[in-house]
Amino acid sequence: MKEVLIVSADDILLYQPTLLNLYDYLSDTFAVRIISFEPEFLGTQKEESRNIIYLSTTKWKKRILRYAELIINAPLKRIDKYLFKLPFRVQYVRNYKFHLLCKELKKHHPDQVISVDFMPLVAVQKILGNAHLLSLEILSYDPYVKRAEVPKIKSLLIQNELRLNYLFPKEKPRVFYIQNSPSCANSHFNNGEREGLVWGGTIAKMFGVFHCIEFIKTNPQFSLVLKGGAPANVLDEIRSAYGDLIDSSKLVINTQYLSAFEYIKFLSGFRIGFCFYEWNIIRDNINYQTAPSGKLFMYLAAGLPVVACKIPGFQFVEEYGAGVLINDYKPETIAAAIKVIEADYSSFQQNCYKAFSDFCFEKNAVALKSFLTAGG
């Protein structure tokens, strides 16, 4: 059986459904293996049921490199803010991970390689040659984009044409459009009782979580569950600032990890889900302007109508009638969006299921599998 190697530089494998879906979907045809890094950012739990090599970083070395980055990049950020935009940042930690990936890749001789974003792609091209590119995150100040050799990209897996044209304005690889979406089998139908509001996904300030909490604070007739992984400092801030809401059960924080199926089943018990990014991040970062969020597709699989920020990457929500897009996060704006959904809830719910049926993973990945099987 031929081998497919999936190479990632992230440490959040459990929260990257596309990687896990690729592994599962290709495993009946290929011997699939993933290279990733030891989990740190969203907890230390590992995926144990799949063939995964976890690379370790030396903690003291990584800490020194991170502090050096912070010190050197601080004045660069001020120049960006007050004078002019600089095209770079110091990235010692990523360069360290690049070195570790290259060292590991020398041990492997796979038939096909799928690199997750540009830094692993450059490492694979340097050590093994041609590779497929799965683009999940478009990073600001990414020096590895220019170092990548486009002729050595066998195919590109990406979410939409906006992102394709941004990354490859001229020469373009062969393209497969695949969303960061769950498996088709993970859709969970619940036309029965649903209650409350939910935030599903990484619990982080940059994703607008605090706006959702403020809405609950000013609209006590609603309750909110935050469901997903979270950095410890964000959890501490929420508990400190909103202890009264937590004590009254108007706000519940649930960070227990669930499989995709169980997670979607959990979401299907709620009436409406939120999907926000902070506006300054949207304004300054093409990644958040154009990327349909993984949690958004989880909502659709659960038949859960959404209130989301109005960005190009979420335009399909309006096109399918699966939710309401908003231009600000004022409590009255969120309340108005909820009112629109509740006025015709059944239609919004069924539209979610229809959208998910069109975007679920296997339906979009079948052409890629055929391409890989043919040796593309």
Student check: side-chain heavy atoms of C309 and L325 closer than 4.5 Å: no
Show your working on side-chain contact (heavy atoms from CB on, under 4.5 Å) between Y177 and L164 and close with a plain yes or no. CA-CA 10 Å; Y177 292 109; L164 167 68; 3.4 Å; yes
Heavy-atom side-chain proximity of L136 to L19 below 4.5 angstrom: yes
Provide the closest heavy-atom pair for Y353 versus F189 in the form atom of the first, atom of the second, distance. OH-CA, 3.1 Å
Using side-chain heavy atoms (C-beta onward) and a distance below 4.5 Å, is N327 in contact with T333? no
Side chains of Y25 and S183: any donor to acceptor distance under 3.5 Å? no
Would you tell me whether C360 and C184 have their SG atoms within less than 2.5 Å of each other? yes
Nearest non-hydrogen partners of L14 and L20, listed with the distance: O-CD1, 4.2 Å
Tell me if the aromatic rings of F356 and Y320 count as close, with their centers under 6.0 Å from one another. no
So with a 6.0 Å cut-off around CD of E38, is the heavy-atom count from everything else above 12? yes
Hydrogens and angles aside, do E362 and N21 bring a side-chain donor and acceptor to less than 3.5 Å of each other? no
F207 ring centre to K295 NZ or CZ under 6.0 Å, with the angle to the axis within 45°? yes
If you count the non-hydrogen atoms of other residues, nucleotides and ligands that lie under 6.0 Å from CD in Q221, is the total more than 12? yes
Over 12 non-hydrogen atoms of neighbours within 6.0 angstrom of OH in Y257: yes
Between atom SG of C102 and atom CD1 of I127, what is the distance when rounded to the nearest 0.5 Å? 4.5 Å
Please step through side chain to side chain donor-acceptor pair (under 3.5 Å) for the pair D10 and Q16, ending with a clear verdict. CA-CA 9 Å; D10 294 316; Q16 294 180 298; 2.9 Å; yes
Determine whether H211 and F274 satisfy the following criterion, side-chain contact (heavy atoms from CB on, under 4.5 Å), listing intermediate values before the conclusion. CA-CA 10 Å; H211 296 291; F274 291 128; over 6 Å; no
What do the steps show when you test N180 against T18 for side chain to side chain donor-acceptor pair (under 3.5 Å), and what is the final call? CA-CA 5 Å; N180 193 21; T18 299; 2.5 Å; yes
Nearest non-hydrogen partners of A291 and R163, listed with the distance: CB-NH1, 3.1 Å
To the nearest 0.5 angstrom, please state how far the OH atom of Y345 sits from the CG atom of N191. 9.5 Å
Evaluate the side-chain contact (heavy atoms from CB on, under 4.5 Å) criterion for residues F361 and N186: first the C-alpha distance (whole Å), next the side-chain angles of each, then the deciding distance (0.1 Å), finally the verdict. CA-CA 10 Å; F361 183 81; N186 285 338; over 6 Å; no
Could you state the interatomic distance from CD1 (I203) to CD1 (I238), rounded to the nearest 0.5 Å? 6.0 Å
Would you say that Q91 contacts P143 through its side chain, given a criterion of any heavy-atom pair below 4.5 Å between the two side chains? yes
Can S347 and Q349 be counted as having a side-chain donor-acceptor contact under 3.5 angstrom? no
Rounded at 0.5 Å granularity, tell me how far CG in D11 sits from OG in S36. 7.0 Å
Aromatic plane relationship, F215 with F222 - under 30° parallel, 30 to 60° tilted, over 60° perpendicular: tilted
Apply the test side chain to side chain donor-acceptor pair (under 3.5 Å) to residues K227 and Q256: give CA-CA distance (whole Å), side-chain angles for both, the deciding distance (0.1 Å), then the verdict. CA-CA 8 Å; K227 175 63 178 175; Q256 178 190 10; 4.6 Å; no
Is any NZ, NE, NH1 or NH2 atom of the basic residue among E342 and R271 found under 4.0 Å from an Asp or Glu carboxylate oxygen of the other? yes
Is the closest side-chain donor-acceptor distance between T290 and Q159 under 3.5 Å? no
Which value, rounded to the nearest 0.5 Å, describes the distance between L134 atom CG and S8 atom OG? 9.0 Å
Would E278 and R283 pass as an ion pair if we require N to O under 4.0 Å? no
Could you tell me whether D28 and K369 make a salt bridge, using a distance below 4.0 angstrom between a side-chain N and a carboxylate O? yes
Answer with yes or no after comparing the ring centroid distance for F297 and F316 against a 6.0 Å cut-off, counting only values under it. yes
Tell me whether K103 at atom NZ has more than 12 heavy atoms from other residues, nucleotides or ligands lying less than 6.0 Å away. no
Any side-chain heavy-atom pair of L139 and N287 under 4.5 Å: no
Path from F176 to F168 over hydrophobic side-chain contacts below 4.5 Å: no
Counting C-beta onward and ignoring hydrogens, is there a side-chain heavy-atom pair between L157 and L368 closer than 4.5 Å? yes
Of all the heavy-atom pairs spanning I326 and A337, show the shortest one and how long it is. CG2-CB, 3.9 Å
Does the side chain of V32 reach to within under 4.5 Å of the side chain of N51, using non-hydrogen atoms? no
K205 NZ/CZ over F210 ring centroid, <6.0 Å and within 45° of normal: yes
Is the number of heavy atoms from other residues, nucleotides or ligands under 6.0 Å of K152 NZ greater than 12? yes
side-chain contact (heavy atoms from CB on, under 4.5 Å) between I35 and H108, worked out: CA-CA 11 Å; I35 296 176; H108 298 269; 3.9 Å; yes
Y141 ring centre to R89 NZ or CZ under 6.0 Å, with the angle to the axis within 45°? yes
Donor-acceptor under 3.5 Å (N73 side chain, V90 main chain): yes
Which of F118, Y144, Y92 passes ring-ring contact (aromatic ring centres under 6.0 Å, His included) with F98? Answer is Y144
What are the two closest non-hydrogen atoms of Q45 and P39, and how far apart are they? O-CG, 3.4 Å
Enter the distance from L100:CG to T57:OG1 here, rounded to the nearest 0.5 Å. 7.5 Å
Centre of Y242's six-membered ring, under 6.0 Å away, within 45 degrees of the axis: is that where NZ or CZ of K217 sits? no
Please evaluate residues K62 and E40 with respect to the criterion salt bridge (charged side-chain N to carboxylate O under 4.0 Å, His left out), reporting the C-alpha separation (whole Å), side-chain torsions for both, the decisive distance (0.1 Å), and the verdict. CA-CA 12 Å; K62 187 175 178 182; E40 294 181 41; 3.1 Å; yes
Do we get K46 above Y54's six-membered ring, with its NZ or CZ under 6.0 Å from the centre and within 45° of the axis? yes
Close side-chain approach of M298 and L267, heavy atoms under 4.5 Å: yes
Is any side-chain N of the basic residue among D244 and K250 closer than 4.0 Å to the acidic one's carboxylate O? no
Surrounding CZ of R63 (heavy atoms of other residues, nucleotides or ligands, distance under 6.0 Å), is the total greater than 12? no
Verdict with reasoning, D24 to R50, per salt bridge (charged side-chain N to carboxylate O under 4.0 Å, His left out): CA-CA 9 Å; D24 295 341; R50 298 171 175 90; 2.7 Å; yes
Charged N to carboxylate O under 4.0 angstrom, R239 versus D247? no
Are F348 and F359 connected in the hydrophobic side-chain network, where two residues link if heavy atoms are under 4.5 Å apart? yes
